[in-house]
Amino acid sequence: MQLKGKRVLITGGTRGIGRCMVQELIDGGVTHIAIIARDKKGLKEISEANPEVKFLRIAGDVANIDILREAAARIEDKWGYLDILINNAGIVSAGPLEELPDEEIYDQVAVNLTAILLLTKYCVPLLKSSEDGTILNISSGLGLIGMPFYSVYGSTKAAIKQFSDSMRRELAPFNVSVTCSFPTATATDMMQKFEGREMDSPQLVAKKSIEAMLKKELQVIFGGDERIKDNEMNFMDPKKFDAKVVETYEQFKASSEGHKAL
Ligand SMILES: NC(=O)c1ccc[n+]([C@@H]2O[C@H](COP(=O)([O-])OP(=O)(O)OC[C@H]3O[C@@H](n4cnc5c(N)ncnc54)[C@H](OP(=O)(O)O)[C@@H]3O)[C@@H](O)[C@H]2O)c1
């Protein structure tokens, strides 16, 4: 699959990994990009910095069903079809479950999960009208391994993995592929309040995720061999992984304290 000439919808394309994916798309020859994000200024800036690209700027919250419907309706009206849907926007609020504010539990589910289910639903007819449709979902390493203090965030991200598998199988007869990306800690605004730990660059995560999508790979997992081994241990011998978590419990708790990006 080639990027040139493709019509793309991306959520959260104004900052972090999403912003870097937009750059990858532009560098690859995409000239029609729809972006959903809340900050109007960020949308305006990206559009002014790339005058050669025709942007559909959809300013609003993905947790608002009307914004999602508006996005699909505007794409149908302007383009008539969609080649690439990138479900990227996400938020996080870490902490012991009993201390998480109820609103932040609801919001993480609404933004990280419900919005993706609904936006994909509205885009499926448009993707089926493409000659070569594809969906890229941004999950997280925390969607593969359930870690303490990320019970809600991790649950939404695990659901994205399951959703990706289901939709890949459901859409296979319609030539619509689905790729799921599992970044580990990446240096973006989302991680400003996370203490310590080496991080991937958002440019690397964006590049590798787009490459995997173009090759129609099922998934791309970041974090190298160590992460692959952890995933295997967590699946094959979860009690052994529990013991590993006990060793770093206090350190991980301190690192995640106050980790919010909403
Ligand atoms: N950074 C990491 O370490 C990491 C690791 C694993 C997975 N991920 C996942 O990667 C994705 C991108 O994360 P990031 O680190 O690039 O985040 P980020 O730097 O915080 O950027 C988030 C982007 O999503 C948009 N957004 C957030 N909430 C939104 C909402 N309710 N409605 C519409 N747009 C919204 C933001 O724009 P506005 O603020 O203007 O709305 C922004 O463009 C997320 O799904 C995240 O869970 C990140």
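Note that ligands are numbered from 1 as they come in the structure, with each ligand's atoms numbered from 1 the same way.
- With a 4.0 Å cut-off on non-hydrogen atoms, F182 does not touch ligand 1 at all.
- At a 3.5 angstrom cut-off on N or O pairs, D61 counts as close to ligand 1.
- Here N88 has heavy atoms under 4.0 Å from ligand 1 in both its backbone and its side chain.
- Of all the heavy atoms of V111, the ones lying under 4.0 Å from any atom of ligand 1 belong exclusively to the side chain.
- K260 contributes atom NZ, which lies 8.5 Å from atom NZ of K193 (distance to the nearest 0.5 angstrom).
- Of the candidates G12, S139, A110, it is S139 that places a heavy atom closest to atom 7 (C) of ligand 1.
- Using a cutoff of 4.0 Å between basic side-chain nitrogens and carboxylate oxygens, D165 and R168 are scored as salt-bridged.
- Looking at A37 next to ligand 1, no N or O pair under 3.5 Å apart turns up.
- Relative to atom 39 (O) of ligand 1, the option among K157, R15, K41 with the closest non-hydrogen atom is R15.
- Considering backbone and side-chain atoms together, A185 places no N or O closer than 3.5 Å to any N or O of ligand 1.
- Under the 4.0 angstrom criterion for non-hydrogen atoms, L43 is not in contact with ligand 1.
- Residue A89 approaches ligand 1 through these ligand atoms, each under 4.0 Å from one of its heavy atoms: 24 (O), 26 (N), 34 (N), 35 (C), 45 (O).
- Counting only N and O atoms by type, the side chains of T14 and D39 include no donor and acceptor under 3.5 Å apart.
- Under a 4.0 Å N-O distance rule, the pair K244/D237 does not qualify as a salt bridge.
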